[in-house]
Amino acid sequence: MDTIIIDGLSFALPLFIIAIGGIYSEKSGITNLALEGFQGFGAFIGALSAVLMANASGTDIQNLFYVALLFSMIGGMGFSIIHAVLCIKFKADQVISGVVINILALALTTFLTAQINSFVFGTASDKFQLGVSDRFTIEGLANIPVIGAVFTNVYPFEVIIIVIALFAWYLLYKTKFGMRLRASGENPHSVDAAGVDVAKTRFSAVLISGLLSGLGGMCFAYSISANFSSNIYMGYGFLAIAALIFGNWRILPTLAACLLFGFAKSGGAFIAQSMALPSSFTDLFMILPYVLTLLLLIFFSKSNRAPRALGEIYDKGKR
Amino acid sequence: MSDYIVEMKHITKRFPGIVANDNVSIGIKKGEIFALLGENGAGKSTLMSMLGGMYEPDEGDIYIRGEKVQISSPNHAAKLNIGMVHQHFKLVSDYTITENIILGVEPVKKLAGIFPYVDIRSANRKIEELSKSFGLEVDPTKKISDLTVSMQQRVEILKVLYREADILIFDEPTAVLTPQEIDFLLGIIEGLRNGGKTIILITHKLEEIKKVADRCAVLNKGKLIDVLDVKETSTRKMAQLMVGREVNLKSDKNPAAFKEEVLKVEHLNVKNEDGFEVVKDVSFTIKSGEIFAIAGVADNGQVEIADAIAGLTKVSGGEILLNGKDITNESIRKRTEAGISYIPEDRQSFGLVLDFDLSTNLALKQYYREPFAKKGILNKEEFEQFGSSLIDKYDIRSGQGIKTQVRSMSGGNQQKTIIGREIELQSSLMIFVQPTRGVDIGAIENIHKMMIKERDQGRAILLVSLELDEIMNVADTIGVIYNGQLQKIASSESLTTNEVGEYMMGAKHE
Ligand SMILES: Nc1ncnc2c1ncn2[C@@H]1O[C@H](COP(=O)(O)OP(=O)(O)O)[C@@H](O)[C@H]1O
Ligand SMILES: [Mg+2]
């Protein structure tokens, strides 16, 4: 039981922060299928800077966790500029841009990882080894039955994510930046008429989505995969998109969707393990979150409403 | 120093392929209501958009309060205390009234001295006071999606007042309102003037100008024709200047001669995509030689009725009979063949294939049968002959005759294309949905004549229109719809414009 909660949370929260990134982009009116690519590329930059620094200074890579986190955000944000420029400046089709960016991220990071490994470190490897980040347990609270698991074996990034998520909520719903961002996704003409630059607003929204996705990807790399490799492109970005759609493009319901996915995943793994099934069957249980996605899709797709101007190219001159 | 608060001197503005404003000079005095009159496409909105900061002129200068300015953005215009109430509302339907009004000029407070946040509460209070002081009462916490069109317009006006504008531009503000709402709005506009504001009123409705305006500039095809003193000019003269020739404001028509029943609609119900009933138990009949018009405020179910008859929407209950035959569940093509012509509201997406040439578009409803196609092979010559004959018959003007891409044609000529094509079908029932929307006065006159001619030849005509004038003008019978229900069906002679307006708002019951 405890492991279900512990593993569920550590999967759900990175997913959640990627989904928040998606919410920012889509609330501003830019369809974002590129989350998958953003999180992968962000994790790549984060992992790369960690290995390079560990190599140069001789510090243990575990201690460079926060450095990696910082660089993953920068990397994700930098990569997201491509999507922003294509969609906003060149008015490209947002779906196509997203798909292309995902392909590009996978190809580019796989290639670069192998090249850097062979040229810089002289090893033939297609991954950067990172290890698993340290965890902590809050003593008193961990002893409470059931809920105690929430405070047991916590990754530090889980706390960071919650703090950032709170701030993201405040920014989106309480500040004038957020108000303008959401209006850009509903009716950009009204924003323009109010003298606010729609393009700039959307640009920052896409950049925020890159930043948060990079962070999420790094957390995955430092926990469940313990390295950076092309395995990071497991569809987390798409799962995050599913979560934000079920969450109706709102932050709290999206958290609920992420938790559901997280617990479905850890629950599936737990069942598979406790029944001591051969590994080929374990994989069957791993599809649980995706089956859940399909089921939820049937129930939720009707009542949910996307931002009105989502995916629409905004042309100032056009009436 | 002149006595003008706004002066536009020798303004020229070009768009690709068109001169929207051609060397226009006007001066507007402080505290007057200055009307801008002109047909659709005359360049009124463009001229005023340059005051509102949406466009900059290609040539010419603008002076505000005697100072030369280059208005580079709506923000800049707001700083000069100029505000524009747009023809198409620019509102976020998910936001409250307050949120819409303060967007772009949000009052900000700090929580714990660090975190800035938008102070909605004090904004609510301020807007409530503002709305009361101008007689535009609103509940600032209501969402736009819950408001009627006229309420949304109030929000647009409040937006401008909140930004402390004292030069207010209204772009065709009455186009979407009922007669009662128009009277109210004109009252508000007069009140604003009496409070010292300067008003520019764009319109093509002469009575409104007569009612409130002090002076009036007439634009035609981008050029300034004249600036008139409203009190000393007759409506007739204004209309003449606006169109550039004598116009007949009232279409003459012979008394109607109804014959056999063509369309019978019984207890019709239609649901929209969300499963919401938008047409409720509607019954009416149209006879040969009758123009039956459905009057109503936008989105009250009138378009759905037309779509249901034409087969574009599914019927959820009731029956539709054409010449005695039940067509309730027939396909669109079957209905066309049974005798229905349809001129849709959105002519660009439903009426025409914009990237096809004119002759193909003209044959679009008949291409699959002889003589246009023999055994599935299209006969090009037949298309061309048919196209040429229709171009002459319906006076369709275009750049390259039958080869013209329809996309490049003006709205009025696109409309003539559809109407000509549909008349040629010789259907017993013709459905017109907003046939004159976005078409200039000269073409409107033309379209009305065509409709009346078809009526006289014994066709049954269903007209759906938001323009009450149009309905009063051409209809023989009027059905007024409100909230999906027909409130009243009566001959047009027995109803006044005001009565129809009251039924349209659901205000009048018997
Ligand atoms: N943004 C634009 N791009 C191209 N053409 C335009 C644009 N805005 C207006 N026009 C053209 O300029 C002319 C004047 O338009 P407009 O000022 O809207 O007329 P009005 O308001 O008098 O109906 C029209 O022919 C219109 O098609
Ligand atoms: Mg206009």
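Residue numbers begin at 1 in each chain, while the letters A, B, ... track the order of the sequences. Quick caveat, the model's predicted, so the values are computed rather than measured.
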- What part of Arg182(A) lies closer than 4.5 angstrom to a heavy atom of chain B: side chain, backbone, both or neither? both
- Item | Side chain, backbone, both or neither of Phe177(A) within contact of chain B (heavy atoms, under 4.5 Å) | neither
Any luck finding a side-chain donor-acceptor pair between [X] and [Y] under 3.5 Å?
X         : Y         : result
Ser209(A) : Asn32(A)  : yes
Asn124(B) : Thr98(B)  : yes
Ser45(B)  : Asp171(B) : yes
Arg154(B) : Ser131(B) : no
Asp192(A) : Tyr314(A) : yes

- Query: What option among Gly178(A), Pro188(A), Ser190(A), Ala193(A) has the most heavy-atom pairs under 4.5 Å with chain B?
  - Reply: Ser190(A)
- Query: Is it the side chain or the backbone of Leu103(B) that comes within 4.5 Å of chain A heavy atoms, both, or neither?
  - Reply: both
- With a 4.5 angstrom heavy-atom cut-off, could you sort out which part of Phe115(B) is near chain A: side chain, backbone, both or neither? both
- Item | Heavy-atom pair count under 4.5 Å with chain A, highest-scoring of Phe89(B), Tyr117(B), Tyr95(B) | Tyr95(B)
